[in-house]
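To start, the structure itself, in structure tokens.
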Amino acid sequence: MRQAQKFCWPALTMGVCYYPEQWDESLWRSDLQRMKKAGITVIRVAEFAWSKFEENEGEFTFDFFDRFLALCVEEEMQVIFSTPTATPPAWLTEKYPEVLNATKEGVLYRHGLRRHYNYNSPVYQQLCARIVEQLAIHYGQHPAIIGWQIDNELNCEVDEFYSQADDDAFRVWVRDKYQTLPELNKAWGTAFWNQGYTDWQQVHLPRPTVRGTINPHLHLDYLRFISASAVRFCTMQSEILRRHLRKGCFITTNGLFDYVDNHRMTDEALDIYSYDSYPDFAFELGRTIDHNDLNDRSWSMKLTNVRAISPNFMIMEQQSGGNGWTTRLEAPAPRPGQLTLWAMQSLAHGADCISFFRWRTSIMGTEIYWHGILDYDNRDNRRLGEVAQVGEMLRKLQPLCGAAHKAAFGVIRDYDNEWDARVDAWHGRMHDPSRWEIFEGAQRSHAPYDEVWLGMDTEVAELAKYQVLIYPHAVIMTEARAKLLEDYVQQGGTLIIGCRTGYKDATGKCVMLPQPGLLGKLSGSDVTDFTFASPAEEAPTILWDGEALPAPIFADILHPAEDTKVLACHNTSYFKGQPALTEHPYGAGRVLHWGAGFSAAAVRKLLSYTGVAEPFRDVAQLPENVELVVREKDGKQYLFVLNYKSWTETIRLQKPMKSLLSGEVRQGEVALPAYGVDVFEMN
Ligand code: GAL
């Protein structure tokens, strides 16, 4: 069973990211005072400031941050201190180029941006361990410091590693995993195209190959290795910090990036997980903006993922200005109200601390267009006004601190399938779109959901919290997971699976079983034929109760077992009229097998059929454009309504409810202005 979250914020808190090393010291005090005036009580510092502590190798100085932190004590500002390992100093990479990451072709990433190091270089590990230990010894008991951030955004910018150090470490990792060469050859299916290994020295990271295609089983292990390397790097730092930190100080890092098992990392190394939320990416130049689309609202999907790691997470970087680098990314300033809306989106989904990025826009470097709260001119502005307003709102919403998210159903995910979907284009083609369509279907039917991540130690009790679970395309299925799902269904759960379930094992090799493989007994269905939707034919649909539901990408033609009911049939192509959706009673529960990729319309219908659509319709009726989220604590439920549109939307409250924000009791039609948010006490 996963460990419970180890640190919880005692109150809803507002913070900001600050870079004392980028500003004249004469600005520090007034910056801190202005932050406090706006309601900011916590700052995150030092994640890129290695040279302020070790300008030359082995010579440690602390006076710069000593001065700054003394001021923080005076001004009663709390601090989250960071380990600065995301940006090694120039002396380090110049002297020890083996610490650098490389492209697959072996070209080293050089000094000049960030995250150009690799996790596996013994030299880098030693130098990082040393700076972290020095900082922990010097600042571990500092009265201003309440928490620590490890590194910055592990696996951001670049999430593949091809340095010599990684190649060496991969060989060790593989040997540890498989022990013998015959086992390795079996796992990687090396009988295919004569890829067998006869010596461990022949084993390498993916390297340039003809057409760039690599052995998929090796590739899947490579992604697992990247994750293991990132987790180990983080754990190494956290173990050092833990030896020196004041009791009560928490450890976190900010995510969420590919090829990191965030659950494992949080369990092993962190007390709370943080996320950097930038919904303005939805409006980046070059994107097609559909005004009726979910756009920035889709960040709720990412926040749902974050909540599955830490139920009450923190936002380390919350959007406060327009996005931009000098070389890429151009997105507009948040419209009046949007900064507040996005902060409330984070809060609704489980954040108890929201820290904005960044206090003042940088006047130098790559990110002069990544706008913070203040502009270069340092005057009070519209965005600072909104931040102060968010501070006011947090004060009124304090009863919500630590509240749990209330979900109508769950979506199962696991890292094997996440990463296999990156390795295997056939899998990937369904994986991301279905995830999106499930989110959209749930959002539009106001059925909030949680993600349930399966790990080695997941227990059935974690699944049993949900009356309905969707496991969209569990291409990889293991005996242990099949057993877990069986227990869940046996006890009364409803499991919905999609097409292409169960045709691979944990190595990514295909199993010689009828699909859905190890879930066949549970689903009472047998896939007798299957195909990609042909671009030469009409868009596939499935006919369910007279409704033709889009059934994209892939079709599984199902054959029901004797006790299995056919609910719907394919409506197109050569398999028109053949079973497409089955329902199989099993124990006290049932399994629905949907023989296609998911569409939002199909998801809505499946949620209605299984009784979890619109769970709060007796409380509030909302237009599709308004997001509904519910948090609960101490027997009380709180209803969030969020309008992401630039126009007013009208909601209907079915009973009198008090707004925590205005204090007014409202019932019936209530206008929610452009980008407006409200939070009602439901009972
Ligand atoms: C985050 C990062 C910050 C800053 C911001 C804007 O990914 O943690 O340091 O770079 O994006 O680009």
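Order of appearance sets the numbers: ligands from 1, and atoms from 1 within every ligand. What you see is a predicted model; the values in this text were computed from it and never measured.
The single protein non-hydrogen atom nearest to atom 5 (C) of ligand 1 is Y278 OH, 3.4 Å, given as residue, atom name and distance. Closest to atom 1 (C) of ligand 1 among all protein heavy atoms lies E317 OE1, 3.0 Å. Remark: minimum distance from atom 10 (O) of ligand 1 to any protein heavy atom is reached at E367 OE2, 2.5 Å.
A cation-pi arrangement is present between R360 and W23, with the terminal nitrogen or guanidinium carbon under 6.0 Å from the aromatic centre and inside a 45° cone about the axis. Taking the ring axis of W91 as reference, the NZ or CZ atom of K95 does not stay both within 45° of it and closer than 6.0 Å to the ring centre. Figure legend: cation-pi geometry between R422 and W419 absent, as NZ or CZ is not positioned both under 6.0 Å from the six-membered ring centre and within 45° of its axis.
Checked by distance only, ligand 1 and E153 come closer than 3.5 Å through their nitrogen or oxygen atoms. Looking at Y19 next to ligand 1, no N or O pair under 3.5 Å apart turns up. Residue-to-ligand polar distances keep N254 apart from ligand 1: every N/O pair is separated by 3.5 Å or more.
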In sequence, state the C-alpha distance, the side-chain angles, and the governing distance for R413 and E451, and then conclude on salt bridge (Lys or Arg N to Asp or Glu O under 4.0 Å). CA-CA 7 Å; R413 299 178 73 187; E451 288 184 358; 3.1 Å; yes

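Residue F48 approaches ligand 1 through these ligand atoms, each under 4.0 Å from one of its heavy atoms: 9 (O). Atoms of ligand 1 found under 4.0 Å from any heavy atom of N152, numbered from 1 in the order shown, are 2 (C), 8 (O), 9 (O). Listed by number with element, the atoms of ligand 1 under 4.0 angstrom from any heavy atom of W325 are 12 (O).
Residue-level proximity to ligand 1 for D276 is carried by the side chain, the only part with a heavy atom below 4.0 angstrom.
Between F281 and W370, a ring centre-to-centre spacing shorter than 6.0 Å is recorded. Between F53 and F65, the distance separating the two ring centers is shorter than 6.0 angstrom.
In this structure, D151 pairs ionically with R115, as a charged nitrogen and a carboxylate oxygen lie closer than 4.0 Å. Ion pairing between D267 and K6 fails under the 4.0 Å rule for side-chain N and carboxylate O.
Contact between R114 and ligand 1 is present, with at least one heavy atom of the residue lying under 4.0 Å from the ligand.
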